[in-house]
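Lettering follows sequence order; numbering is per chain, from 1. Keep in mind that the numbers below use all heavy atoms, side chains included, and drop hydrogens, waters and symmetry copies.
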Amino acid sequence: MIQRPRGTRDILPPDTRLWNRVEAVAREVFSAWGAEEIRTPVFEHTELFVRSVGETTDIVHKEMYTFLDRKERSLTLRPEGTAGVARAWIENRMQDRSLPLRLYYIGPMFRYERMQRGRYRQFAQIGLEIIGAETPLADAELLAALHEFLVRLGFDDVEIHLNNLGDPDDRQRYQEAIRQVMEVHRAELCGDCQRRLDENPLRLLDCKVPRCQELSAGAPAMDAVASPASREHVAGVEALLARLGVPYRRNPRLVRGLDYYLRTAFEVVSPKLGAGTALGGGGRYDRLIADLGGPAVPGVGFAIGEDRLIDVLPEAFRLETLARPRLYLVPLGDAAQAWALELARDWVRGGVPVELEVTGRSARAAFKRADRDHFPVVVIVGDDELAQGTVTVKRLADGSQTRLTPDRVPGWWLEHVR
RNA sequence: GUGGGCGUAGCUCAGUUGGCAGAGCACCGGACUGUGGCUCCGGCGGUCGGGGGUUCAAAUCCCCUCGCCCACCCCA
């Protein structure tokens, strides 16, 4: 049998309802904050990601789905969303529109990784970008929109971790500073950290090995080395978040996996996901668009992992979404079938979700199924009903049963079920 | 990419020193010819993940392979 490729998955009903509703809430919230949807290709020229995400990052280094097309062009399935948005922004001369522009996207991303819980080779992200504003106010608005989205889904236990990554020049100096301080302890560091010391000293701060954490605790915080301008910027963001009551935590060890972030960087974490597994993240990328050959336009954005979001969705939202009452319409006998179909159409038109029993199963079997599938109401139409022009309506919860004329059914449904 | 665990019915699993592939649940039907949840009875359902090897005989032993899970790395 042919199986799905490793790292992919089938999302089946009724879970698709969760996906649809989460996406509907995202569209609602983000568009209420003035954002418009953007849809960019699922694959791009490889060069785009190499230049934006960063050559030394793991994503580019070992996680990209890269292939040659029939004309030998190197293409890559997008591993994240911001690069494509930035490219589209430049290519479509969106700077000619009034700035800033708020853009959101929803769609699949691809990273070649060994899968485990919350990590897939194809996964979906929901992202929001504010392009064309460099103020702390823009960052705070972005985080406010993110927070509102999570609140609307019923989350009350997610945390926003925030850090200042400094300006581009700071990063060089900071890496050097870490390297200097930590080089002395090289022998005591774990193997991974010894490698990080050479390749990407920032990542040292992120190590979970206790001894490494002790040692790196002595390293200076980024914020201490960062430019005054960047410190002021992030402090401004914090003040605004505090004013709004958006819960956040300063985390000086926060490092992100993409090179284009500067100044504000953040992650959304859930206690349900375990350390090191973020629900989402983002930050400011004032140089990205210029680096890709566009105008010097600043930006800030985030992306959240939809798969992970749905994995830890609050129970109330989950139950509310999954419970979708339908009226179960059962024709008994050949004579009633055409009538039942007609009634189903009329009631659906009247706003009642109907499931018509089309298999011809017996009344007994139909009730068994109704019970198992939690239909709140069964409507029977058979020879008796046909003769009298009324239908039998039974509520499963208490077993009560009445006869109604068909035109009264939608009203009855609204009154008793919805 | 590294390390560990696991693949037997739709699901959860049992299967003795190698000897006829099983149970529970679920599904379909009947008892109850148009009324659910309980009970009883019957039925459907299997390349034992796949391939090769050893053997009179393999779910069981050996080799290879595919898939899944967990941890690491890293991230959504």
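The side chain of A:Arg361 lies closest to B:G29, out of B:G67, B:G29, B:C74. The listed nucleotides are B:A26, B:C73, B:G36; the one nearest the side chain of A:Arg372 is B:A26. Which of B:G37, B:A76, B:U35 sits closest to the side chain of A:Lys394 comes down to B:U35. For A:Gln116, the side-chain atoms get nearest to B:C70 when compared with the rest of B:G36, B:C70, B:A76. The side chain of A:Arg114 approaches B:G1 more closely than any other nucleotide in the set B:A76, B:G34, B:G1. If you check B:A76, B:C72, B:G36 against the side chain of A:Ala278, the one that comes closest is B:A76.
One cannot find a donor-acceptor pair under 3.5 Å joining the base of B:A76 and the side-chain atoms of A:Glu63. Residue A:Arg119 places no side-chain atom within donor-acceptor reach of the base of B:A76, judged by atom type and a 3.5 Å distance cut-off alone. Under 3.5 Å, the side chain of A:Glu385 and the base of B:G34 form at least one donor-acceptor pair of N or O atoms.
Here the separation of B:G22 from B:G37, taken at their C1' atoms, is 29 Å to the nearest Å. Spacing between B:C70 and B:C13 at atom P, rounded to whole Å, works out to 15 Å. Using atom P as the reference point in both B:U47 and B:A31, the two lie 33 Å apart (nearest Å). Annotation: B:A58 and B:G49 have their P atoms spaced 15 Å apart (nearest Å). As rounded to the nearest Å, B:C66 and B:G51 have C1' atoms that lie 10 Å from one another. Comparing B:A76 with B:G67, their P atoms are spaced 26 Å from each other, to the whole Å.
Ring geometry for A:Tyr65 versus A:Tyr112: interplanar angle over 60°, hence perpendicular rather than tilted (30 to 60°).
Screening A:Thr40, A:Leu101, A:Ile38 against A:Trp89 for a side-chain contact (heavy atoms from CB on, under 4.5 Å) leaves a single residue, A:Leu101. When A:Val60, A:Asp291, A:Leu288, A:Leu292 are each tested for a side-chain contact (heavy atoms from CB on, under 4.5 Å) with A:Arg51, only one passes: A:Leu292.
In RNA chain B, runs of at least 3 consecutive Watson-Crick or G-U pairs, each pair with both distances below 3.5 Å, span B:1-7 with B:66-72, B:10-13 with B:22-25, B:27-31 with B:39-43, B:49-53 with B:61-65.
A donor-acceptor pair shorter than 3.5 Å can be found between the side chains of A:Tyr248 and A:Glu238.
Rounded to whole Å, atom C1' of B:A76 lies 14 Å from atom CD1 of A:Ile11. We find that CD1 of A:Ile304 is positioned 12 Å from P of B:A76, with the value rounded to whole Å. In this entry the distance linking CD of A:Glu80 with C1' of B:A76 reads 11 Å, nearest Å. Rounded to a whole Å, the CG atom of A:Asp58 is 11 Å from the P atom of B:C73. Put simply, CD on A:Gln401 is 10 Å from P on B:U35, counting in whole angstrom units. Going from atom CZ of A:Arg121 over to atom C1' of B:G1 covers 11 Å, rounded to whole Å.
Applying the ring pair (Phe, Tyr, Trp, His ring centres under 6.0 Å) test to residues at least two apart or on different chains, the pairs with a partner in residues 374-397 of chain A are A:Tyr328-A:Phe375.
For the pair A:Arg9 and A:Tyr120, the cation-pi criterion (under 6.0 Å, within 45° of the ring axis) is fulfilled. Geometric assessment of A:Arg21 against the ring of A:Phe317 yields a positive cation-pi assignment under the 6.0 Å and 45° thresholds.
Shown here is A:Glu355, whose CD atom has more than 12 heavy atoms of other residues, nucleotides or ligands within 6.0 Å.
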